[in-house]
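Down below is the structure, laid out as structure tokens.
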Amino acid sequence: QVQLVESGGGLVQAGGSLRLSCAATGSIFSIIFMGWYRQAPGKQRELVASVTSNGPTNYADSVRGRFTISRDNAKSRVYLQMNSLKAEETAVYYCQQEDFWGQGTQVTVSS
């Protein structure tokens, strides 16, 4: 049974950094799409960053230049390095690998 487990969330002060990790337990045969989403209270879930298995990346305009997504295809892992975090980026961050979703990890940015 495939399960995605996020880690690395927590409480950080504005301007600080966090690195999120998403590991798949169980084997996913083919992963083309990996992505990080976030959902803040009262808002829709939004795509933060994504990466395909052959390399191309995509970022939300609001995080471009501050966040970096990377992946380890062999280990079915995807990471999100978040720098210069802002208070408004407090949200639950979700990992997606193909059709599988993690449970989310809370990121709280204090001002």
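Only this structure's heavy atoms are used, side chains among them; waters, hydrogens and symmetry mates stay out.
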Which of Q103, R77, Q97 passes side chain to side chain contact (heavy atoms under 4.5 Å, CB included) with L4? Answer is Q97

Interatomic spacing from CE in M34 to OG1 in T52 - rounded to 0.5 Å: 10.0 Å

Starting from F67, can I reach Y37 by hopping between I/L/V/M/F/W/Y residues whose side chains sit under 4.5 Å apart? no

Over 12 non-hydrogen atoms of neighbours within 6.0 angstrom of CG in D99: no

With a 6.0 Å cut-off (strictly less than), is the heavy-atom count around CD of E46, excluding the residue itself, greater than 12? yes

Cation-pi check for Y94 against R38: NZ or CZ below 6.0 Å from the six-membered ring centre and within 45 degrees of the axis, yes or no? no

N83 side chain to S17 backbone, donor-acceptor under 3.5 Å: no

Donor-acceptor pair, side chain of Q96 and main chain of W101, under 3.5 angstrom: no

May I ask you to establish whether R19 and W36 are in a cation-pi arrangement, using a distance under 6.0 Å from NZ or CZ to the six-membered ring centre and at most 45° from the ring axis? no

Decide, yes or no, whether a salt bridge links E88 with K43 under the criterion of side-chain N to carboxylate O below 4.0 Å. no

Mind checking whether E6 and L20 have side chains closer than 4.5 Å, heavy atoms only? no

Would you say that V5 contacts S7 through its side chain, given a criterion of any heavy-atom pair below 4.5 Å between the two side chains? no

Does NZ or CZ of R71 come closer than 6.0 Å to the centre of the six-membered ring of Y79, within 45° of the ring's axis? no

Got a donor-acceptor contact below 3.5 angstrom from the Q13 side chain to the G15 backbone? no

Measure the OH-CD distance between Y93 and Q39 for me, rounded to the nearest 0.5 Å. 12.0 Å

In terms of hydrophobic clusters joined by side-chain contacts under 4.5 Å, are V92 and F100 together? no

Under a 4.5 Å cut-off applied to non-hydrogen side-chain atoms, are T25 and V2 in contact? no

Considering all heavy atoms of both residues, which atom of S76 and which atom of I31 are nearest to each other, and what is their separation? OG-CD1, 3.6 Å

Rounded distance (nearest 0.5 Å) linking atom CG of L85 with atom OG1 of T90: 8.5 Å

So, do V12 and T108 sit near enough that their side-chain heavy atoms are less than 4.5 Å apart? no

